[in-house]
Amino acid sequence: APENTTMTGVELDPLTAGIAQAIYPQAQIRAESFAESAIPEDYFDATIGNVPFAQTKLHDPRHNPDRAHSMHNHFILKSLAMTKPGGVVAVISSSFTLDAENPASREAIARHADLLGAVRLPQRAFMRSAGTEVTTDVLVFRKRHENETPLDSSWTQSTELTIDGRTVRQNAYYQQHPERVLGTQTPGTDRFGNTVLTVVRDDLSTAPQALRDQLDTIAAEAREYGRA
């Protein structure tokens with residue numbers, strides 16, 4: 001982070017929160033559930049997070065009053081609420097944020113923010129650090145000012161595709177930007193038995209640089225749009 005930046009972290013697990021505090025002694029680390037974090041709206045200049053991937057729907061009277069949004073989408077919406085207009089929210093989220101058939105959560109996000117860009121990671125990107133094989137996206141949003149004209153919102157829609165004889169859903173954004181899928185798309189099966197798109201990359205060692213390249217391009221495009 002830039003010098004003189006004030007950082008706040010939220011971590012549910014007390015041990016992990018303690019480790020984070022030891023690594024970043026100048027930061028405020030809150031050992032609590034993000035769902036219960038009492039942080040004012042329009043507070044942060046930027047928010048970065050690795051949201052939990054779950055279909056669980058938590059009650060939150062301010063940011064998920066009807067339990068309409070699964071946990072990952074709920075946390076994205078709350079992150080946007082706590083970020084100042086003009087600020088950026090960058091998260092790692094499940095591919096279901098963009099690919100789910102129901103667009104309600106994406107439309108809720110789009111009422112407040114523009115998607116500056118997204119990059120889909122290889123399925124095994126977190127195998128070494130988390131022991132999990134899931135398809136994830138790096139999503140970069142920018143919260144709009146009150147009277148600002150929205151950018152293209154086609155990313156709120158996903159459509160069915162047929163790949164290798166199997167029907168899968170894919171967000172319109174990746175159909176427009178296939179270069180931001182860091183591998184070969186192939187049909188797979190999730191833990192619930194549903195057919196989903198997975199991303200296979202033979203050489204994972206090249207994925208970090210590929211991600212940096214795409215994020216650099218997204219940042220350049222945001223500057224071009226006047227949204228940096």
Side-chain angles (χ1 to χ4, degrees), residues 47 49-51 53-55 68-77 79-80 83 88-123 125 134-144 148-190 192 194-201 207 210-228:
T47 304
N50 183 358
V51 297
F53 311 155
Q55 294 300 314
H69 307 291
S70 58
M71 196 185 304
H72 44 279
N73 294 327
H74 168 198
F75 281 17
I76 292 171
L77 285 162
S79 296
L80 285 166
T83 303
V88 169
V89 173
V91 298
I92 298 172
S93 186
S94 160
S95 60
F96 287 108
T97 291
L98 289 190
D99 285 354
E101 181 175 2
N102 186 344
S105 292
R106 295 189 295 273
E107 290 172 348
I109 294 169
R111 284 194 285 273
H112 304 283
D114 295 310
L115 178 69
L116 296 181
V119 184
R120 180 149 294 176
L121 304 180
Q123 186 177 11
V134 292
T135 303
T136 53
D137 292 327
V138 176
L139 305 175
V140 184
F141 298 101
R142 178 185 176 275
K143 186 174 179 177
R144 287 192 302 275
E148 208 165 23
T149 302
L151 297 178
D152 175 31
S153 62
S154 61
W155 63 272
T156 61
Q157 303 302 313
S158 67
T159 58
E160 289 187 341
L161 301 174
T162 300
I163 299 178
D164 296 339
R166 298 174 70 180
T167 301
V168 293
R169 295 198 72 85
Q170 185 185 51
N171 190 274
Y173 180 86
Y174 289 122
Q175 295 177 41
Q176 297 167 11
H177 297 280
E179 73 281 3
R180 291 185 181 154
V181 178
L182 302 187
T184 302
Q185 297 186 111
T186 183
T189 304
D190 67 13
F192 303 108
N194 302 311
T195 299
V196 294
L197 268 179
T198 63
V199 177
V200 177
R201 189 181 185 94
L211 174 60
R212 281 190 289 269
D213 292 343
Q214 292 302 328
L215 291 176
D216 285 345
T217 302
I218 289 169
E221 290 174 351
R223 289 191 290 270
E224 182 181 339
Y225 301 148
R227 302 296 173 98

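Counting from 1, the numbers follow the sequence of the chain as shown.
- Remark: Arg180 CZ to Leu211 CG distance equals 11.5 Å, nearest 0.5 Å.
- Partners of His112 by side-chain hydrogen bond (donor to acceptor under 3.5 Å, both in side chains), not counting sequence neighbours: none found.
- Counting all heavy atoms, side chain and backbone alike, Gln214 lies closest to Glu179 at NE2-O, 3.5 Å.
- Judged by distance alone, the side chains of Glu101 and Ser158 never bring a donor and an acceptor atom under 3.5 Å apart.
- Side-chain contact between Val51 and Ile92 is absent, with no heavy-atom pair separated by less than 4.5 Å.
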Intermediate values then yes/no, side chain to side chain contact (heavy atoms under 4.5 Å, CB included), Asp114 and Lys143: CA-CA 7 Å; Asp114 295 310; Lys143 186 174 179 177; over 6 Å; no
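- Partners of Asp216 according to the side-chain contact (heavy atoms from CB on, under 4.5 Å) rule, which considers only residues two or more places apart in sequence or in another chain, do not exist here.
- With 3.5 Å as the limit, one finds a donor-acceptor pair spanning the side chains of Gln185 and Gln170.
- Between Arg223 and Ala228, the shortest heavy-atom distance links the atoms CG-CB, 3.3 Å.
- Checked by atom type and distance alone, the side chain of Asp164 never pairs as donor or acceptor with a backbone atom of Arg166 at under 3.5 Å.
- Taking OG1 of Thr217 as the start and CZ of Arg212 as the end, the distance is 13.0 Å to the nearest 0.5 Å.
- Among residues two or more places apart in sequence or in another chain, the side-chain contact (heavy atoms from CB on, under 4.5 Å) test is passed with His69 by Asn64, Asn73, His74, Leu77, Ser105, Ala108.
- Heavy atoms only, all atoms of each residue included: Val168 and Ile163 are closest at CG2-CD1, 4.2 Å.
- Taking the side chain as every heavy atom from C-beta outward, Ile109 and Ile76 approach each other to under 4.5 Å.
- Remark: Arg201 CZ to Thr184 OG1 distance equals 9.0 Å, nearest 0.5 Å.
- Smallest separation of non-hydrogen atoms from Leu182 and Pro122: O-CG, 3.4 Å.
- Between Val91 and the choices Thr136, Leu80, Val140, Leu139, the side chain to side chain contact (heavy atoms under 4.5 Å, CB included) rule is met once, by Leu139.
- In this view, Thr162 and Thr167 satisfy the side-chain contact (heavy atoms from CB on, under 4.5 Å) rule, not counting sequence neighbours.
- A side-chain donor-acceptor contact under 3.5 Å links Arg106 to the backbone of Thr156.
- Val196 is not listed as a side-chain neighbour of Arg169, based on a closest heavy-atom distance of 4.5 Å or more.
- Within the model, atoms OG1 of Thr135 and CG of Leu197 stand 8.0 Å from one another, a figure rounded to the nearest 0.5 Å.
- Using modelled atom types and a 3.5 Å distance limit, the side chains of Asp137 and Tyr173 yield no donor-acceptor pair.
- Annotation: Trp155 is in aromatic contact with Phe141 [ring centroid separation under 6.0 Å].
- Residues forming a side-chain hydrogen bond (donor to acceptor under 3.5 Å, both in side chains) with Asn171 (at least two apart in sequence, or on another chain): none.
- Residues Arg144 and Ala110 share a closest heavy-atom pair of NH2-O, 2.7 Å.
- Annotation: the span from Ser94 atom OG to Met71 atom CE amounts to 12.5 Å, rounded to 0.5 Å.
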Side chain to side chain contact (heavy atoms under 4.5 Å, CB included) assessment of Leu121 paired with Val199: CA-CA 7 Å; Leu121 304 180; Val199 177; over 6 Å; no
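- Qualifying side-chain contact (heavy atoms from CB on, under 4.5 Å) partners for Thr47, counting only residues two or more places apart in sequence or in other chains: Phe44, Ser79, Thr83, Val89.
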Pair Glu148-Arg142, salt bridge (Lys or Arg N to Asp or Glu O under 4.0 Å): steps then yes or no: CA-CA 11 Å; Glu148 208 165 23; Arg142 178 185 176 275; 2.9 Å; yes
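- In this structure, CZ on Arg120 lies 10.0 Å from OG1 on Thr198, to the nearest 0.5 angstrom.
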